[in-house]
Amino acid sequence: MKEIIVYGNSVLSKMLYLDARNNDDFRIACFAADKQYLRGDSFLGLPQIDFDSAAELYPPSKYDMIAVLGGYSDMRNREKYYLKAKDKGYNLRNYIGSNVDINSMVQMGDNNIIFGPSHIGFDGAMGYNNIIRQNVYLGHNFNIGNNVFIGAGSNIGGYGVIGDTSYIGLGSTIINNIKVEKESLIGAGSVVINDTQPFSKNVGNPAHIIGYHTEEGIKMK
Ligand SMILES: CC(C)(COP(=O)(O)OP(=O)(O)OC[C@H]1O[C@@H](n2cnc3c(N)ncnc32)[C@H](O)[C@@H]1OP(=O)(O)O)[C@@H](O)C(=O)NCCC(=O)NCCS
């Protein structure tokens, strides 16, 4: 199994590093960051390199990569960073925490991160570059797109559909058979009982729309 370059040096990268210490299949070689975000030449005791030098110092023939750039301040950036890593020729790895309850009937693209403890239901599918935080219950037969963020402690009932680049806030509940349309934002602790509209911001119990972000996308403070 190849060692891995973590593209990112944020809180989420640190979370991944700490979690992966329990995971023998996921050995981190170094961290990479865009030049303007580099802070010294090491991070968490490992080398920290300029992303533009990665292919030379840690070539794709010998190393895999995982992009851990949350992009919460601009969710649409998640796709950009993912493609930037992929365009360098790296195989992008998934990270599944050792205490995630998941079975082989789940289909998955690349560059997904699932922190445990979480339960991922059977017969589900997810695309690429999704982040699922700790203590998430994701029901069976789910269909998650790409670049989605699911906050810690969220519960999503069976047959849930989550559209691309959606942000599910901390501790949300989405009942079964709901379609969360692309680029939906669900506020923390909301209870979603109806399908959402694309680009909508939804809060409360039951969740209701308080606005749209069609032009600018989701930008979290
Ligand atoms: C929804 C959210 C993004 C705020 O969006 P916003 O456009 O800045 O909204 P505002 O703070 O201006 O609030 C607008 C209204 O929605 C209400 N509201 C905001 N968030 C809410 C929530 N999560 N649940 C219920 N009501 C909420 C406010 O009370 C306010 O109501 P009012 O108009 O009656 O006063 C934010 O509150 C939120 O829930 N963020 C998620 C954070 C999170 O989960 N982080 C995960 C980190 S791991």
Side-chain angles (χ1 to χ4, degrees), residues 1-8 12-13 15-29 60-70 78-79 81-83 85-86 88-168 170-182 184 186 192:
M1 198 70 90
K2 288 181 187 173
E3 290 194 354
I4 298 154
I5 305 166
V6 173
Y7 180 20
L12 205 58
S13 300
M15 196 180 291
L16 177 67
Y17 165 84
L18 293 172
D19 211 84
R21 289 184 306 175
N22 305 320
N23 196 327
D24 289 340
D25 295 335
F26 201 92
R27 289 269 158 248
I28 298 173
S61 56
K62 295 197 176 134
Y63 294 87
D64 290 337
M65 187 174 272
I66 189 163
V68 193
L69 293 137
R78 294 188 38 69
E79 171 91 6
Y81 286 120
Y82 166 82
L83 291 176
K86 207 165 178 76
K88 283 268 184 197
Y90 287 99
N91 172 48
L92 297 184
R93 288 274 284 278
N94 289 314
Y95 177 75
I96 300 175
S98 53
N99 52 352
V100 174
D101 177 21
I102 184 171
N103 66 49
S104 58
M105 286 179 270
V106 170
Q107 293 173 33
M108 207 181 276
D110 57 8
N111 211 77
N112 294 293
I113 299 174
I114 308 177
F115 288 108
S118 286
H119 171 83
I120 308 297
F122 54 82
D123 288 344
M126 70 177 77
Y128 55 81
N129 204 28
N130 300 294
I131 297 173
I132 299 179
R133 292 286 304 273
Q134 294 84 348
N135 293 304
V136 166
Y137 171 85
L138 181 54
H140 59 90
N141 295 90
F142 63 86
N143 193 335
I144 294 181
N146 309 309
N147 309 309
V148 167
F149 173 86
I150 302 181
S154 295
N155 295 300
I156 299 174
Y159 297 98
V161 176
I162 313 284
D164 291 350
T165 323
S166 289
Y167 187 107
I168 314 299
L170 213 53
S172 301
T173 295
I174 299 173
I175 67 166
N176 53 308
N177 290 301
I178 291 293
K179 183 170 190 189
V180 171
E181 293 279 3
K182 68 177 174 183
S184 291
I186 311 297
V192 179

Parallel, tilted or perpendicular: rings of Tyr7 and Tyr81 (30°, 60°):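 The arrangement is perpendicular - the two ring planes meet at more than 60°.
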
Mutual orientation of the aromatic rings belonging to Phe122 and His140 [parallel < 30°, tilted 30-60°, perpendicular > 60°]: parallel

Could you tell me whether the side chain of [X] and the main chain of [Y] form a donor-acceptor pair under 3.5 Å?
| X | Y | value |
| --- | --- | --- |
| Asn146 | Asp164 | no |
| Tyr17 | Val6 | no |
| Asn141 | Gly158 | no |
| Asn111 | Ala67 | yes |
| Arg78 | Leu69 | yes |
| Asn143 | Val161 | no |

Step-by-step side chain to side chain contact (heavy atoms under 4.5 Å, CB included) determination, Ile120 to Met108: CA-CA 12 Å; Ile120 308 297; Met108 207 181 276; 6.0 Å; no

Within the 4.5 Å heavy-atom criterion, are [X] and [Y] side-chain neighbours or not?
| X | Y | answer |
| --- | --- | --- |
| Asn23 | Tyr95 | yes |
| Leu92 | Tyr82 | yes |
| Ile66 | Leu16 | yes |
| Ile150 | Ile132 | yes |

Minimum heavy-atom separation for [X] to [Y], with atom names?
| X | Y | answer |
| --- | --- | --- |
| Phe26 | Asn94 | CE1-O, 3.6 Å |
| Phe142 | Met126 | CE1-CE, 4.0 Å |
| Ala29 | Tyr63 | CB-CE2, 3.7 Å |
| Ser118 | Asn135 | OG-N, 3.3 Å |
| Lys88 | Pro60 | O-CG, 3.6 Å |
| Ser166 | Lys182 | OG-C, 3.9 Å |

Positive for salt bridge (Lys or Arg N to Asp or Glu O under 4.0 Å) with Arg93, one of Asp110, Asp25, Asp64: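 For Arg93, the salt bridge (Lys or Arg N to Asp or Glu O under 4.0 Å) check succeeds only for Asp64.
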
Side chain to side chain contact (heavy atoms under 4.5 Å, CB included) assessment of Leu12 paired with Phe115: CA-CA 11 Å; Leu12 205 58; Phe115 288 108; 4.2 Å; yes

Which distance, rounded to the nearest 0.5 Å, do you find between the [atom1] of [X] and the [atom2] of [Y]?
| X | Y | atom1 | atom2 | value |
| --- | --- | --- | --- | --- |
| Lys179 | Ile162 | NZ | CD1 | 11.0 Å |
| Ser61 | Lys2 | OG | NZ | 6.5 Å |
| Ile156 | Ile175 | CD1 | CD1 | 12.5 Å |
| Leu170 | Arg133 | CG | CZ | 8.0 Å |
| Leu138 | Ile168 | CG | CD1 | 10.5 Å |
| Leu83 | Tyr128 | CG | OH | 6.0 Å |

Evaluation steps, side chain to side chain contact (heavy atoms under 4.5 Å, CB included), between Asn130 and Phe149: CA-CA 6 Å; Asn130 300 294; Phe149 173 86; over 6 Å; no

Other residues, nucleotides, ligands: >12 heavy atoms within 6.0 Å of Gln107 CD: no

Tyr159 and Asn176: CA distance, side-chain angles, deciding distance, side chain to side chain contact (heavy atoms under 4.5 Å, CB included) verdict: CA-CA 6 Å; Tyr159 297 98; Asn176 53 308; 5.9 Å; no

